[in-house]
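Have a look at the structure below, then the notes.
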Amino acid sequence: MKNALIASAALLALSPLTAKAEEKTLTISVYAFAQDDFKTLVYDPFEAKCGCKIVVETGNSVERLAKMEANKASPVIDMAVVSMADALSASRKDLIDKVDTSKLSNFGKLYDFAKDPNGDGMSVGYTFYATSIAYRADKMKIESWADLLKPEYVGHVAFPNITTNQGPPALFMLGQALGSDGPDLTAPIEALGEKKDEIVTFYEKSSQLVQLMQQEEIWAAPIGRFSWVGFTKLDVPIAWATPKEGQTGGMNVMVVTKGSKNRDLALQFMDFWLSTEIQTKLAEKLVDSPANKEVKLSEEASNNLTYGEETANSLKLIPSPAALDNRAGWLKEWNEKVGQ
């Protein structure tokens, strides 16, 4: 009897450890942006639902892709969220697998252009944004991207540096306004080079623009819609341009790491994130514009995000192959003609 009691006690003592050892863990690689909101709205609820633990790794795209590549033989990340172009880069390096969309119950709810952004089945879009021009409506009128270079305006303009996410898209649209839609961006870079001494700044972070606008050092700047809310709080009249050439933008996507031992769990998490409920909560907190077309937003949220099928279908995105294959050339030409 004594031996039986000892054995039972030993089993009871071991059971928490055994349960802990069997707990499922999903490791994700994400942008550092709004992680408190993501924890509250996405990570914690999914952990409660799946009985698993989410390990979050953050960093910029270069760092995170480099880590995936360094651990290619023995992956430590199960899924990641990256830009469209970075997803294509990861695919070319054989770092990710096709997404089994048959296991995503919310896949059919996505805008068509988010279902397979790169046309290779390797990623699914979860958020997108428009890029256009925020400008002082009492100081100027923007009808074309080329208006930024008008003599009466150019001395009050901030333009994104080529190394930022907004740089290439803004150049792409400026090129269209100048009659060139080539992926080399030569025409818009040359045009900026000719005006570089008049442009107020080639900005690195959009956060610095609100203060510049408030102080009237600038009147206009191309920005991503996710930065718009800060401008709406200014006590000066700010407008969002709808140039005749259209708006550009970007999309962030989800990918599954090749060789992940938690592929099914990664797909469950992706599906949860794409659900109407979670996409709505993230949008209402102004974290992400929804790629789920069933999401219905309040007027405040819809005014501050990239929202609606008409807007989604109108965006002129740079194709990922063009972005990847021309990055080095863009930077070289920029450094030669615009510099720092």
Name all pairs fulfilling the disulfide bond (SG atoms under 2.5 Å apart) condition that reach into residues 38-112, sequence neighbours left out, sorted by first residue then second. Cys50-Cys52

Is there a path of hydrophobic side-chain contacts, each under 4.5 Å between heavy atoms, that joins Met254 and Leu265? yes

Taking C-beta and beyond as the side chain, do Val154 and Ile199 meet within less than 4.5 Å on heavy atoms? yes

How close do Val157 and Ile218 get, counting heavy atoms only, and between which atoms? C-CG2, 4.4 Å

Note, Pro290 side chain near Phe128 side chain (heavy atom, < 4.5 Å): no

Would one find more than 12 heavy atoms of other residues, nucleotides or ligands at under 6.0 Å from atom CD of Gln211? no

Step-by-step side chain to side chain contact (heavy atoms under 4.5 Å, CB included) determination, Val255 to Met122: CA-CA 7 Å; Val255 297; Met122 306 296 277; 5.8 Å; no

Side-chain donor-acceptor contact under 3.5 Å, Thr127 with Asn252: no

With no hydrogens and no angle check, do the side chains of Ser298 and Glu284 hold a donor and an acceptor under 3.5 Å apart? yes

Thinking salt bridges, do Glu57 and Lys67 make one under a 4.0 Å N-O criterion? yes

Can a salt bridge be assigned to the pair Lys281 and Asp37 using a cut-off of 4.0 Å between side-chain N and carboxylate O? no

Before giving the answer on salt bridge (charged side-chain N to carboxylate O under 4.0 Å, His left out), spell out for Asp184 and Arg327 the whole-Å C-alpha distance, their side-chain angles and the decisive distance to 0.1 Å. CA-CA 9 Å; Asp184 56 16; Arg327 273 178 179 172; over 6 Å; no

Output every pair passing ring-ring contact (aromatic ring centres under 6.0 Å, His included) with a member in residues 82-106, not counting sequence neighbours, ordered by first then second residue. none

Quick check, are the ring centers of Tyr153 and Tyr135 under 6.0 angstrom apart? no

Short side-chain donor-acceptor distance under 3.5 Å, Asn106 and Ser275: no

Would you say the side-chain atoms of Asp271 pair up with the backbone N or O of Leu267, donor to acceptor, closer than 3.5 Å? no

Are the side chain of Asp147 and the backbone N or O of Ser144 linked by a donor-acceptor pair below 3.5 Å? yes

Any chance the side chains of Asn161 and Thr163 put a donor and an acceptor closer than 3.5 Å? yes

What pairs meet the side chain to side chain donor-acceptor pair (under 3.5 Å) rule with one or both residues in residues 45-56, with sequence neighbours excluded? none

Any idea which heavy atoms bring Thr25 and Asn262 closest together, and the distance? O-ND2, 3.3 Å

Identify whether the distance between the nearest side-chain nitrogen and carboxylate oxygen of Lys293 and Glu309 falls below 4.0 Å. no

Over all atoms of both residues, closest heavy-atom pair of Thr311 and Ser314: O-OG, 2.8 Å

Nearest heavy-atom neighbours spanning Ala187 and Leu178: O-CD1, 4.1 Å

Determine the minimum heavy-atom distance between Leu104 and Val99, stating which atoms define it. CD1-CG1, 4.0 Å

ring-ring contact (aromatic ring centres under 6.0 Å, His included) between Phe33 and Phe38, intermediate numbers included: CA-CA 9 Å; Phe33 169 75; Phe38 277 113; 7.0 Å; no

Are the side chain of Ser289 and the backbone N or O of Thr306 linked by a donor-acceptor pair below 3.5 Å? yes

So, are Lys141 and Glu143 salt-bridged, with charged N and O less than 4.0 Å apart? yes

Answer yes if the ring centres of Phe172 and Trp145 are under 6.0 angstrom apart, and no otherwise. no

Electrostatic pair Lys98:Asp116 at N-O distance under 4.0 angstrom: no

Could you verify whether a donor N or O on one side chain and an acceptor N or O on the other, from Arg64 and Ser29, lie under 3.5 Å apart? yes

Report yes or no: do Asp86 and Ser83 form a side-chain donor-acceptor pair below 3.5 Å? yes

Which pairs with one or both residues in residues 104-169 pass disulfide bond (SG atoms under 2.5 Å apart), sequence neighbours excluded? none

Could you check whether any side-chain heavy atom of Thr248 comes within less than 4.5 Å of a side-chain heavy atom of Leu315, counting everything from C-beta outward? no

Pair Gln279-Tyr126, side-chain donor/acceptor within less than 3.5 Å: no

Over all heavy atoms of both residues, which pair between Thr280 and Lys296 is shortest? Give the atoms and the distance, please. CG2-O, 4.2 Å

Contact check, side chains of Val30 and Val56, non-hydrogen atoms, under 4.5 Å: yes

Heavy-atom side-chain proximity of Leu192 to Trp334 below 4.5 angstrom: yes

Can Asp78 and Arg263 be said to form a salt bridge (charged side-chain N to carboxylate O under 4.0 Å, His left out), step by step? CA-CA 7 Å; Asp78 298 305; Arg263 178 190 304 275; over 6 Å; no

With a 4.5 Å cut-off on side-chain heavy-atom distances among I, L, V, M, F, W and Y, is there a chain of contacts connecting Phe202 to Leu212? no

If we only count heavy atoms from C-beta on, is the Met251 to Phe113 side-chain gap below 4.5 Å? yes

Donor-acceptor check, side chain of Thr40 to backbone of Asp36, threshold 3.5 angstrom: yes or no? yes

Return all side-chain donor-acceptor pairs below 3.5 angstrom for residues 228-240, not counting sequence neighbours, or 'none' if the list is empty.
from	atom 1	to	atom 2	distance (Å)
Thr232	OG1	Val229	O	2.6
Asp235	OD1	Gln214	NE2	2.8
Trp240	NE1	Gln247	OE1	2.9

Apply ring-ring contact (aromatic ring centres under 6.0 Å, His included) to Phe269 and list each qualifying residue two or more places apart in sequence or on a separate chain. Phe46, Trp273

Arg136 and Glu216: CA distance, side-chain angles, deciding distance, salt bridge (charged side-chain N to carboxylate O under 4.0 Å, His left out) verdict: CA-CA 9 Å; Arg136 284 283 299 268; Glu216 299 196 5; 3.5 Å; yes

Checking Val124 against Val253 for the side chain to side chain contact (heavy atoms under 4.5 Å, CB included) test, could you report, in this order, the C-alpha distance in whole Å, the side-chain angles of both residues, the deciding distance, and whether it holds? CA-CA 5 Å; Val124 174; Val253 303; over 6 Å; no

Are side-chain heavy atoms of Lys258 and Ile96 found at a separation under 4.5 Å? no

Is there a path from Ile189 to Tyr203 through hydrophobic residues (I, L, V, M, F, W, Y) whose side chains come within less than 4.5 Å of each other? no

Are Leu110 and Val256 grouped together when hydrophobic residues (ILVMFWY) are joined by side-chain heavy atoms under 4.5 angstrom apart? yes

